[in-house]
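These figures come from a predicted structure and were not determined experimentally. The chains referred to below are lettered A, B, ... by the order of the sequence lines, with proteins before strands, and numbering in each begins at 1. Computed from heavy atoms alone, side chains included, the values below leave out hydrogens, waters and symmetry copies.
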Amino acid sequence: METKKYDYVTVEKTWQKKWFDAKIHIAEKKKQNKFFIHFAYPGVSGYLHVGHMRGFTYCDVIARYKRMMGYDVLFPAGFHASGIPSVGFAKKVERNDKETIDLLKKNGCTNDFIKKLADPLEVVKYFSKVYVDEYWKRFGFLIDYTRLTNTISAGYNKFISWQFHKLNDKKLLVQKPHFAPYCPNCGPVAVDKSETDVLCGGSSEILEFTIIKFTLSNGTILPAATLRPETIFGVTNMWVNPNVEYQKIEVNDEIWICSEECVKKLSYQFGNIKKLNEIVPGKKLVGKKCIVPEINREIPILSGVFADPKIATGIVMSVPAHAPYDWIALVESKQPIQPITIIDVKGFEDNPAKEACEQLKITSQTQIEKLDEATDLVYKKEFHTGALNDNCGSYSGIKISEIKDTVKNDLITENLAATLREFSEEVICRCKEKVVIKNIPDQWFIKYSDETLTQNSKDYAETMNIYPQEYKDGIPKILDWFDDRAVIRKGSWLGTEFPFKKDWIIEPISDSTLYPAYYIFSKYVNEEKISAEEMTEEFFDYIFLGTGTPESDVWRQIKSDFDYWYPVDINLGGKEHKTVHFPVYIMNHVAVMPEDKCPRGLFVHWWVTQKGKEKISKSKGGAEPILEAATTYGVDAMRLYYTHVGSPFVDIEWDPEIVAKYKKRIANIYKIILELSEKKEQTNMHLDNWLISILNRRIKKIVDAFENFDLRVVSNEIFFECQRDIQWYLKRGGGDKTLINKFVKIWITLLTPVTPHLAEELWQILGKTAFVSNEPYPKFNSEEIHERDEIGEYLLSEIIDDTSEILKVTKISPKKICIYVAPAWKQDIFRKAIELHMDNKLDVGVLMKQAMSDPNLKAMAKNVSQFAGKLPGEIKKLSENDRNRYLVDVDEKDYLEHAKKYLVDVFSCDIEIVSADEKGIYDPANKSKFAVPLRPALYIE
RNA sequence: GCAGGGGUAGCCAAGCCAGGUCAACGGCGAUAGACUCAAGAUCUAUUCCUGUAGAGGUUCGAGCGUUCGAAUCGCUCCCCCUGCACCA
């Protein structure tokens with residue numbers, strides 16, 4: 001009979017409908033044994049790609065496993081709608097961005113519908129539906145869909161508002177100045193690599209220049225910007241661009257001269273800047289002198305065309321001994337100025353800049369690449385091994401790596417310097433305006449630097465289950481490093497209004513810290529059992545903190561739900577959350593929630609990348625859409641792919657060919673299982689014992705791996721090793737119908753969490769009517785372990801390996817194979833040796849003494865001593881597993897006799913099995929003496 | 001700069017924390033064979049080098065070292081990658 005082909009499309013659809021109709025995905029309180037797992041909910045940013053499904057899949061696999069292990073599982077999900085993404089998406093629709101419109105059309109949106117998506121709220125609504133229907137349900141995730149929610153709903157807003165009141169009560173909200181990217185037209189913008197807000201410059205960094213106030217003879221300030229304030233002691237001259245028209249401005253009662261571009265920057269960062277409408281041409285400054293602050297040295301102002309008005313103040317101080325650019329410029333200016341060396345550093349004589357230029361053969365300012373290299377070289381060396389020398393007054397002798405901030409802070413304290421922040425490269429807003437850095441004098445922060453909070457969080461994290469271990473080990477450092485975070489922003493983005501400042505919105509990281517708690521409420525909100533208005537401060541206090549009195553039965557029900565399900569057992573998220581979301585997740589719980597309601601575990605998974613290790617991104621065009629992939633490969637194949645292709649803790653590269661292979665494997669397993677039920681009846685006690693025994697070993701390994709969330713080991717055992725076992729069993733001639741049925745039943749149950757659709761289909765074919773998804777997961781049964789038969793099969797496979805090896809090397813076509821099993825006395829003495837070794841008493845002398853006390857052994861003392869002589873060395877090399885194997889009493893000859901038929905089949909020749917010490921055996925090559933336990937001697941002819 | 005991750009055979013990728021079961025799981029690719037009219041799928045064998053008896057040699061970025069024994073531990077070096085804050 002021809003086996004039916006696996007029709008994954010129908011199978012997936014059928015079973016998903018059945019599961020959801022039967023509501024097996026809904027979390028219920030039944031067993032007094034709960035497991036709460038959720039993934040870091042996705043931001044609503046548009047269509048997702050196959051990379052996103054990795055973590056979601058892990059979550060479902062774990063949730064399904066836990067369900068089968070007898071837990072009430074709560075696996076909810078929601079949408080992070082706060083922040084920019086959905087606003088950004090709506091803007092793209094609004095401005096008719098072609099790529100976006102095409103994409104929407106491709107996904108079946110009509111023109112009329114697309115128009116609606118110019119509203120961010122519609123974007124959230126639309127994509128929430130897409131994520132649920134086309135991704136999560138399509139993958140068979142048993143998410144409790146009655147609890148879906150998002151972060152811009154009225155109830156959620158109340159929840160966040162409560163959280164911020166609590167933070168404020170605990171004095172964890174503070175106000176202080178903050179510098180942030182800002183577009184003069186659009187307000188605050190996000191500068192990040194994905195460039196949602198900006199046209200270019202997304203990977204720009206904010207540099208902190210120190211402006212040092214040099215003074216002209218009339219007291220006017222010539223502000224020079226530097227990243228190395230400690231080099232002030234080595235300044236020999238200033239560079240001013242003769243082609244630039246500088247501006248005169250008033251800054252806090254001081255008169256400054258700087259470039260036009262700088263004036264703008266200062267006005268955003270300093271506040272009280274007054275333009276004096278007086279232009280100072282650069283060439284008029286050239287030739288004048290100015291005073292270096294702090295050391296009061298007079299230096300000349302020289303012409304330097306490279307002083308870029310766009311960078312910092314447009315005025316540069318020159319340190320020719322330590323800056324290769326300055327050195328070359330000075331050489332080319334032909335001015336009789338002596339460099340001043342201020343840093344002693346290994347590997348350089350008295351002028352590092354000069355020496356680096358010579359080393360790299362730099363002779364002109366135009367050799368920019370080489371100059372950058374030289375600069376890098378000098379800076380690195382000086383930073384790591386350099387120290388200020390006697391030219392630096394009270395700072396002399398201090399290492400550069402330690403002095404940087406000190407000099408800067410001292411100068412600022414004395415009002416001789418200021419800080420100017422600037423992007424490392426130009427950033428342009430989507431509106432084409434240049435993005436600046438703006439000072440927000442009274443920004444609100446969550447005080448993550450709070451020592452008590454940090455310490456408590458570290459202590460708490462220590463008690464959590466965090467995967468992988470390397471991440472857990474790093475958490476204390478991350479928490480220490482995690483600084484205060486600005487939490488509000490005024491601009492066009494979604495979120496909860498900050499309760500202490502009207503019109504300002506809480507930023508998205510800060511409104512996603514306690515959110516799994518909201519899944520407890522969302523069910524009641526969705527069922528309209530409670531309204532946002534009823535969710536008062538007292539309400540949340542009652543639920544979370546147990547204070548106050550309930551005002552209704554719904555309050556009591558919700559409280560009982562919260563107490564049942566909380567805390568979260570696993571929060572699962574991608575590695576991008578390591579230093580952002582997870583730290584605040586822990587810290588806010590620790591700050592606000594009672595300790596027994598703080599999260600129990602974190603699971604961090606790595607990414608799916610494109611070829612060349614790039615993170616998959618839509619803009620790079622490499623992402624395979626989820627629906628397309630699901631249709632091409634089937635979701636079980638993808639689920640298996642995610643769990644098996646690599647450890648959860650490494651990036652995996654999306655490769656359609658590999659996924660296709662997993663698809664074939666699914667079909668193959670389907671075929672194998674169907675064929676198994678058609679086998680002819682044939683019993684073989686040894687072999688049957690082996691199969692049930694090895695199956696139990698697999699179960700143990702699988703369950704152990706599951707408990708550690710080691711999903712790769714899980715799927716490798718289930719989908720590869722189990723298949724290998726049953727194939728070996730069949731090949732060896734196994735065919736016990738009852739046993740095969742048992743194996744199949746267990747195998748299907750084992751594979752359910754990873755490939756549930758396949759499992760249900762097979763389960764039904766076996767004639768079962770209930771869902772295999774609701775079956776208990778197989779348990780290890782020590783009574784079904786048969787060590788002797790395991791060892792027997794091991795012995796057999798070793799013999800086959802050895803024989804094949806000999807045949808390969810000698811190129812003999814065998815007519816007869818003689819197997820000489822080790823004599824009983826060798827087994828005895830082997831076992832004695834191992835026992836001695838375990839007592840740590842093994843040496844040849846002791847072993848011989850024991851052996852000789854046995855009259856049977858004494859009779860053949862010569863052979864015994866020869867054999868025993870080599871034993872200690874060999875036994876030491878054995879692993880514990882091997883050693884244990886020798887301790888089991890197996891009748892090798894008997895076992896092999898039972899397997900003789902198989903050996904004859906494999907090698908197509910006569911097989912003779914004898915004991916090596918039998919009298920009169922056929923042994924022309926005198927091989928039999930080499931027989932040792934579990935390693936019979938062989939002779940082939 | 002600060003913090004973190006990594007370099008394993010043709011490729012992907014386990015192993016490393018707890019040294020010996022490691023010539024190194026598994027997959028892909030390749031080669032040969034079986035099945036097939038054929039293709040695909042599936043199965044079987046081989047896939048670092050040498051070898052007419054189950055062996056030996058050389059490997060896990062490089063180099064030292066610890067050890068009876070190192071892919072695994074320590075030190076030094078080289079190379080790649082990620083995050084660093086208002087993007088989630």
Could I get a table of every N or O pair under 3.5 Å where one atom is in the protein and the other is in nucleotides 76-80 of chain B?
none

Hits for side chain to side chain donor-acceptor pair (under 3.5 Å) against A/S715, two or more places apart or cross-chain, chain-then-number order -> none

Just the table, please: protein N/O against nucleotides 24-28 of chain B N/O, every pair under 3.5 Å.
| unit_1 | atom_1 | unit_2 | atom_2 | d |
| --- | --- | --- | --- | --- |
| B/G26 | OP1 | A/R724 | NH1 | 3.0 |
| B/G26 | O2' | A/N716 | OD1 | 3.3 |

Provide a list of protein-nucleic acid N or O atom pairs under 3.5 angstrom, restricted to nucleotides 52-54 of chain B.
| unit_1 | atom_1 | unit_2 | atom_2 | d |
| --- | --- | --- | --- | --- |
| B/U52 | O4' | A/V809 | O | 3.3 |
| B/A53 | N6 | A/I940 | N | 3.3 |
| B/A53 | N6 | A/I940 | O | 2.6 |
| B/A53 | N1 | A/I940 | N | 3.0 |
| B/G54 | O2' | A/D802 | OD1 | 2.9 |
| B/G54 | O2' | A/R935 | NH2 | 3.4 |
| B/G54 | O6 | A/L938 | N | 3.4 |
| B/G54 | N1 | A/P936 | O | 3.3 |
| B/G54 | N2 | A/D802 | OD2 | 2.9 |
| B/G54 | N2 | A/P936 | O | 2.9 |
| B/G54 | N3 | A/D802 | OD2 | 3.3 |

Taken in chain and number order and not counting sequence neighbours, the residues that satisfy ring-ring contact (aromatic ring centres under 6.0 Å, His included) with A/F89 are A/F127

Residues in residues 84-91 of chain A with a heavy atom under 4.0 Å of RNA chain B, by number, are A/I84, A/P85

Taken in chain and number order and not counting sequence neighbours, the residues that satisfy ring-ring contact (aromatic ring centres under 6.0 Å, His included) with A/F209 are none

Those residues at least two apart in sequence (or on a different chain) that pass side-chain contact (heavy atoms from CB on, under 4.5 Å) with A/P42 are A/F39, A/F56, A/Y131, A/W136

With sequence neighbours left out, the residues meeting side chain to side chain donor-acceptor pair (under 3.5 Å) with A/Q469 are A/D473

Taken in chain and number order and not counting sequence neighbours, the residues that satisfy side chain to side chain donor-acceptor pair (under 3.5 Å) with A/K381 are none

The ring-ring contact (aromatic ring centres under 6.0 Å, His included) partners of A/Y156 (sequence neighbours excluded) come to A/F159, A/Y518

Across all chains, not counting sequence neighbours, the side-chain contact (heavy atoms from CB on, under 4.5 Å) partners of A/V932 are A/F867, A/R935

